[in-house]
Amino acid sequence: MSREPALMTLTEVARAIAMKQVSSHEVTRALLHRIAQWQPHLNAFMSVEAESALKAAEAADAELAKGNVRGPLHGVPLAHKDMYYDAGHVSTCGSLIRRDFVPTVSSTALQRLKDAGQVRLGTLHLAEFAYGPTGHNAHYGPVRNPWNVAHITGGSSSGSGSSVAARLTFAALGSDTGGSIRMPAHFCGVTGLKTTVGRVSRAGAMPLSQSLDTVGPLARTAEDCALLLALMAGLDPADSTTSHEPLSDYVGATKGSLKGLKIGVPASFYVDDLDSEVARVLDETIAVLKREGADIVTVELPDQRQLSAASQLVLAAEAAAFHKRWMIERPQDYGPQVLMRLQNGLAVPAITYLEAMRWRGPALAAHNAAAAGVDAIIAPASPVPAPTIDESDVGGGPNAPAMVQRLTLFTRPVNFLGLPSLTIPSGFTRSGLPVGMQLIGRSFDEATLLTIGAAFQRVTDYHDRVPKLPS
């Protein structure tokens with residue numbers, strides 16, 4: 001192979017293994033070599049399962065030699081956020097409480113990737129119980145940003161963002177309840193897809209908020225995200241909230257052109273009070289989309305601050321309901337910020353929660369009316385590039401709510417409405433930190449977002465840039 005296997009995209013490496021240009025064992029060894037170099041700097045993995053991964057890779061190679069192909073991911077080594085249950089394997093959920101938890105069932109999303117032939121490489125770090133936007137974890141330490149290890153990765157899919165950016169795994173499952181796929185994608189310079197609520201089964205994934213949780217991938221490209229979505233999406237008898245909405249040809253969508261597509265730029269909120277470098281990257285991204293044939297128009301959206309507040313309220317109440325017993329029995333086993341946020345959820349009155357839930361339908365209808373003329377909306381994933389670990393390490397102190405609110409300001413409205421959103425690497429700050437833009441779509445129209453993301457990536461190289469190993 002002329003190209004180092006670990007630097008290939010998911011799509012490229014899957015094809016190379018299938019065509020026997022490289023073996024699963026060689027690819028797995030290449031990733032394990034990078035993990036050994038990078039893990040001491042990043043803390044991105046919860047567990048590295050080198051011996052069993054190499055054995056599984058050898059078995060995949062032996063199957064391929066006999067003409068037995070399990071699926072599109074045959075022999076591809078992957079690691080995922082440590083909240084996707086894999087029967088018989090520990091799933092810590094980033095917590096002390098579940099440090100030794102061994103599930104008896106497997107996550108449907110993960111099982112579908114296993115059925116497609118993936119090799120288990122290990123598990124990835126996350127914010128405790130997937131409840132934190134920075135990448136800090138009071139029990140296992142922070143995950144670090146490969147572009148600058150003094151900076152955060154974003155959370156809660158911190159290990160997923162960091163490891164995909166450093167080329168330690170070709171892709172990784174994340175979860176997005178308030179921005180937990182899109183923020184690590186933005187802060188770490190990778191592509192992240194928040195799916196429509198009901199598009200991908202949540203069965204066997206650790207719950208946080210029953211009405212907001214979504215399963216989706218972080219990967220290097222929109223094409224890679226499309227491949228994973230195609231494998232995971234669809235009805236699941238184990239999750240009654242999965243939708244009957246028809247699936248699209250997600251991989252085929254990545255071959256499409258921007259010509260004839262109309263992309264909306266919000267007139268306010270998403271363009272207000274931006275860090276100057278985020279504002280510059282937004283302008284540059286819009287210019288590329290326009291040059292490639294998209295029609296750029298301004299859209300006036302309903303009050304997004306109300307949506308963000310409602311999203312936080314619903315999340316707080318639902319998370320507190322899930323954690324109530326442990327909060328009573330084991331409060332000392334939570335980190336201070338997670339405990340503070342869960343306790344705040346106990347204070348949400350039932351009437352207030354129900355009013356927020358009842359408003360979701362009308363709020364979505366109002367959004368759809370405002371965005372009726374466009375195929376997607378573009379907005380920054382966060383108002384700022386990645387802050388440092390030190391400046392965002394506020395624990396459960398008085399500054400914690402404001403810090404959480406600032407980082408997640410642009411992601412939460414999408415969660416409340418249940419819409420899909422694709423974050424793509426769109427540029428870098430002058431100091432070398434990535435900046436991502438999110439494309440917000442119509443319900444169950446991930447395909448159009450993937451078309452736009454892939455078209456942008458065909459003419460830019462932000463997704464191809466690789467961070468350097470710290471000295």
Side-chain angles (χ1 to χ4, degrees), residues 133 175-183 193-200 202 208-216 241-245 262-273 297-321 344-345 348-383 401 404-423 438-446 448-449:
S175 64
D176 198 311
T177 305
S180 289
I181 287 172
R182 289 163 290 155
M183 279 185 295
L193 177 63
K194 181 233 175 283
T195 53
T196 309
V197 170
R199 183 74 297 170
V200 179
R202 303 177 295 187
L208 178 61
S209 171
Q210 64 194 31
S211 67
L212 299 174
D213 290 345
T214 53
V215 172
T241 68
T242 48
S243 173
H244 288 265
E245 282 283 330
K262 195 171 279 193
I263 299 173
V265 180
S268 58
F269 184 75
Y270 294 103
V271 294
D272 298 338
D273 193 25
V297 299
T298 302
V299 289
E300 295 273 1
L301 297 174
D303 186 352
Q304 301 293 291
R305 288 187 187 278
Q306 278 190 314
L307 297 177
S308 189
S311 182
Q312 282 184 288
L313 191 149
V314 169
L315 170 54
E318 292 183 349
N344 287 348
V348 175
I351 290 173
T352 307
Y353 169 75
L354 290 170
E355 283 175 339
M357 291 297 284
R358 198 169 57 200
W359 184 51
R360 289 180 85 176
L364 179 59
H367 170 88
N368 289 344
V374 299
D375 296 290
I377 291 164
I378 187 169
S382 180
V404 170
Q405 171 69 17
R406 174 76 169 148
L407 294 182
T408 62
L409 190 64
F410 294 165
T411 52
R412 288 190 185 282
V414 176
N415 292 98
F416 185 69
L417 298 174
L419 296 170
S421 178
L422 179 74
T423 292
Q438 64 171 330
L439 297 157
I440 303 164
R442 294 180 284 250
S443 295
F444 300 103
D445 190 16
E446 286 85 357
T448 297
L449 303 182

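Being a predicted model, the structure only gives us computed values, none of them experimental.
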Engineer: Test Glu355 against Leu313 for side chain to side chain contact (heavy atoms under 4.5 Å, CB included), laying out the working first.
Structural biologist: CA-CA 11 Å; Glu355 283 175 339; Leu313 191 149; over 6 Å; no
Engineer: Please check: side-chain N/O of Ser175 versus main-chain N/O of Thr214, any donor-acceptor pairing under 3.5 Å?
Structural biologist: no
Engineer: Suppose we screen for side-chain contact (heavy atoms from CB on, under 4.5 Å). Which residues come up paired with Ser443, at least two apart in sequence or across chains?
Structural biologist: Thr196, Leu364, Leu419
Engineer: Taking all non-hydrogen atoms of both residues, which atom of Ile440 and which atom of Ser421 are closest, and how far apart?
Structural biologist: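 What the structure gives for the nearest pair is CG1-OG, 4.0 Å.
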Engineer: For the CG atom of Leu409 and the CD atom of Gln312, what is their distance to the nearest 0.5 Å?
Structural biologist: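 One finds 8.5 Å between CG of Leu409 and CD of Gln312.
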Engineer: Side chain to side chain donor-acceptor pair (under 3.5 Å) with Ser243: which residues, sequence neighbours excluded?
Structural biologist: none
Engineer: Side chain to side chain contact (heavy atoms under 4.5 Å, CB included) between Ile378 and Val265: does it pass, once the steps are laid out?
Structural biologist: CA-CA 6 Å; Ile378 187 169; Val265 180; 3.9 Å; yes
Engineer: Per the salt bridge (Lys or Arg N to Asp or Glu O under 4.0 Å) rule, what does the pair list look like for residues 411-423, sequence neighbours excluded?
Structural biologist: none
Engineer: What's the separation between atom CD1 in Ile181 and atom OG1 in Thr195, rounded to the nearest 0.5 Å?
Structural biologist: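 With rounding to 0.5 Å, CD1 (Ile181) is 6.5 Å from OG1 (Thr195).
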Engineer: Please enumerate all residues that pass side chain to side chain donor-acceptor pair (under 3.5 Å) together with Thr177, with sequence neighbours excluded.
Structural biologist: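 Only Asp213 meet the side chain to side chain donor-acceptor pair (under 3.5 Å) criterion with Thr177.
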Engineer: Residues two or more places apart in sequence or in another chain: which of them pass side chain to side chain donor-acceptor pair (under 3.5 Å) with Arg442?
Structural biologist: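 Arg442: side chain to side chain donor-acceptor pair (under 3.5 Å) contacts with Asp375, Asp445.
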Engineer: Only pairs under 3.5 Å count here: list side-chain donor-acceptor contacts from residues 298-309, not counting sequence neighbours, and write none if there are none.
Structural biologist:
from: Asp303; atom 1: OD1; to: Arg305; atom 2: N; distance (Å): 2.9
from: Gln304; atom 1: OE1; to: Tyr270; atom 2: OH; distance (Å): 2.8
from: Gln304; atom 1: NE2; to: Pro302; atom 2: O; distance (Å): 2.8

Engineer: So, taking the atom named OG in Ser311 and the one named CZ in Arg360, what distance separates them when rounded to the nearest 0.5 Å?
Structural biologist: 7.5 Å
Engineer: Determine whether Val314 and Met357 make a side-chain contact, defined as any pair of heavy atoms from C-beta on separated by less than 4.5 Å.
Structural biologist: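 Of all side-chain heavy-atom pairs linking Met357 with Val314, at least one is under 4.5 Å.
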Engineer: Going by ring pair (Phe, Tyr, Trp, His ring centres under 6.0 Å), name the residues that satisfy it together with Phe269, two or more places apart in sequence or in a different chain.
Structural biologist: Phe410
Engineer: My understanding is that only one of Thr423, Asn415, Thr411 makes a side-chain hydrogen bond (donor to acceptor under 3.5 Å, both in side chains) with Asp176; could you say which?
Structural biologist: Asn415
Engineer: Sequence neighbours left out, what passes side chain to side chain donor-acceptor pair (under 3.5 Å) with Ser209? Give chain and number order.
Structural biologist: Glu318
Engineer: Is there a side-chain contact between Ile377 and Pro266 (heavy atoms, below 4.5 Å)?
Structural biologist: yes
Engineer: Can any side-chain N or O of Arg182 pair as donor or acceptor with the backbone N or O of Thr408 at less than 3.5 Å?
Structural biologist: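 No, Arg182 side chain to Thr408 backbone: no donor-acceptor pair under 3.5 Å.
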Engineer: Can you measure from CZ (Arg199) to CD (Glu245) and round to the nearest 0.5 angstrom?
Structural biologist: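 It is 6.5 Å, given to the nearest 0.5 Å.
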Engineer: Could you grab the distance from atom CD1 of Ile263 to atom OG1 of Thr448, nearest 0.5 Å is fine?
Structural biologist: 10.0 Å
Engineer: Using side-chain contact (heavy atoms from CB on, under 4.5 Å) as the criterion, list what pairs up with Ser180, not counting sequence neighbours.
Structural biologist: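 Checked Ser180 against side-chain contact (heavy atoms from CB on, under 4.5 Å); matches are Lys81, Ser156, Ser157.
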Engineer: For Gly345 versus Ala320, what's the shortest heavy-atom pair and its separation?
Structural biologist: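 The answer is C-CB, 3.6 Å.
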